[in-house]
Amino acid sequence: MTQTEAASETNEGHEGGGVQEGRASVGAGRWRRKAGAARRAQEGDGAMADYSCYLTIANQTGHALDIGLDPPQWGSWVDPPQQPVPPGGSVAFRLKDGWGAAGSEGSFTAQPEATPARLRASFQDGYVQSNYCNVSGQNMSATMAWSFTGASGSPDNPQHGSVPGGGHPVYLVFTFTDSASPPPAKPPKAGASAASGGRARTA
């Protein structure tokens, strides 16, 4: 079975998914220590480099966030998140690569409780294929905004909205926030009559 090969998807213009400077550092120190320990253990066993995906999810919304982990295409989940992630909380976990020339590839879904919003992220640290991270959302604009950063080799100097195609392991930080306030209504057209409640009809 071959791994899915896909280019990094930046998803520019997603619903309110702007990244604030410095947010990508969430969990960086923790993952640096874990990745170093994992790499030393593998090297001590004569194994290959670490092709895992290290993930951090920061919930900055006012809703508890349910995280669903799909069965990995390659690798296995380590330290799976406790559900739900509370408002203001964060969780860090890992998709560990298996033995041999396989890398790691998997996906998860995130959904704030009692809302229709739903996000799906798929990602890979490829042994032969390029690294990638693809993100898509449903019913996001009314409830939740999102952003992510990606890095490889080290959690330092992450990219906003993409992950480097090469380098190992992969580090991904996903941040969820409440959607911004809706834009102001359009001004009424000339000659439009007032609607009930004193509001003017808008286009």
Side-chain angles (χ1 to χ4, degrees), residues 1 3-19 23-24 26-27 30-31 51-98 102-126 129-152 155 158-163 169-180:
M1 178 178 182
Q3 298 177 343
T4 303
E5 183 174 5
S8 298
E9 180 173 309
T10 61
N11 292 284
E12 293 292 338
H14 52 66
E15 298 85 349
V19 182
R23 185 169 293 169
V26 177
R30 186 188 328 176
W31 282 135
Y51 287 82
S52 301
C53 292
Y54 292 84
L55 298 97
T56 299
I57 296 177
N59 179 16
Q60 298 180 3
T61 74
H63 302 269
L65 191 65
D66 286 325
I67 305 298
L69 303 182
D70 299 324
Q73 296 190 36
W74 297 99
S76 57
W77 296 112
V78 178
D79 297 327
Q82 299 297 317
Q83 296 190 29
V85 182
S90 64
V91 64
F93 55 106
R94 174 186 177 197
L95 178 57
K96 182 183 181 298
D97 60 319
S104 59
E105 185 175 15
S107 59
F108 73 84
T109 58
Q111 183 169 13
E113 291 186 344
T115 75
R118 186 172 185 269
L119 177 137
R120 181 181 180 84
S122 57
F123 38 85
Q124 171 179 276
D125 184 341
Q129 294 87 353
S130 297
N131 305 332
Y132 75 84
C133 179
N134 296 329
V135 184
S136 61
Q138 298 176 346
N139 303 313
M140 299 289 289
S141 59
T143 306
M144 184 174 67
W146 58 270
S147 61
F148 83 90
T149 62
S152 63
Q159 299 178 0
H160 296 313
S162 64
V163 63
V170 163
Y171 300 87
L172 297 166
V173 177
F174 298 86
T175 303
F176 297 88
T177 59
D178 289 321
S179 292

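Note that the structure is predicted; figures quoted are calculated from it, not measured. In this chain, numbering begins with 1 at the start of the sequence shown.
Tyr54 is listed as a side-chain neighbour of Pro169, based on a closest heavy-atom distance under 4.5 Å. The shortest side-chain heavy-atom distance between Pro112 and Leu65 falls under the 4.5 Å cut-off. Annotation: side chain of Val170 is not in contact with side chain of Gln124 (no heavy-atom distance under 4.5 Å).
Between atom CH2 of residue Trp146 and atom CG of residue Leu119 there is a gap of 6.5 Å, rounded to the nearest 0.5 Å. Rounding to the nearest 0.5 angstrom, the gap separating the CG atom in Leu172 from the OG1 atom in Thr56 is 9.0 Å. The SG atom of Cys53 sits 14.0 Å away from the CH2 atom of Trp74 when rounded to the nearest 0.5 Å. Note: Glu113 CD to Thr61 OG1 = 9.5 Å, rounded to the nearest 0.5 Å. Atom CZ in Arg118 sits 10.5 Å away from atom CE in Met144 (nearest 0.5 Å).
Scanning both residues, Pro81 and Val91, for their nearest heavy atoms gives CB-CG2, 3.4 Å. Shortest non-hydrogen contact noted between Ser122 and Tyr132 is O-CE1, 3.7 Å. Looking at every heavy atom in both residues, Pro80 comes nearest to Leu69 through CB-CD1, 3.8 Å. Nearest heavy-atom pair, Gly75 versus Leu95, reported as atom, atom and distance to 0.1 Å: C-CD1, 4.1 Å. Counting all heavy atoms, side chain and backbone alike, Ala58 lies closest to Ser90 at CA-CB, 4.0 Å.
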Set out, in order, the CA-CA distance, both residues' side-chain angles and the distance that settles side-chain contact (heavy atoms from CB on, under 4.5 Å) for Thr115 and His63, then state yes or no. CA-CA 9 Å; Thr115 75; His63 302 269; 3.8 Å; yes
Start with the C-alpha distance between Asp125 and Asp97, add both sets of side-chain angles, then the distance that settles side-chain contact (heavy atoms from CB on, under 4.5 Å), and finish with yes or no. CA-CA 8 Å; Asp125 184 341; Asp97 60 319; over 6 Å; no
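The backbone N or O of Gly126 lies less than 3.5 Å from a partner atom in the side chain of Asn131, making a donor-acceptor pair. In this structure, the side chain of Ser104 engages the main chain of Tyr51 through a donor-acceptor pair within 3.5 Å. In terms of modelled atom types and a separation under 3.5 Å, the side chain of Asn59 and the main chain of Pro86 share a donor-acceptor contact.
Partners of Ser107 by side-chain hydrogen bond (donor to acceptor under 3.5 Å, both in side chains), not counting sequence neighbours, listed by chain and number: Asp70, Arg120. Residues that satisfy the side-chain hydrogen bond (donor to acceptor under 3.5 Å, both in side chains) test with Gln159, not counting sequence neighbours, are Ser162. In this view, Phe174 and Phe108, Phe148 satisfy the ring pair (Phe, Tyr, Trp, His ring centres under 6.0 Å) rule, not counting sequence neighbours.
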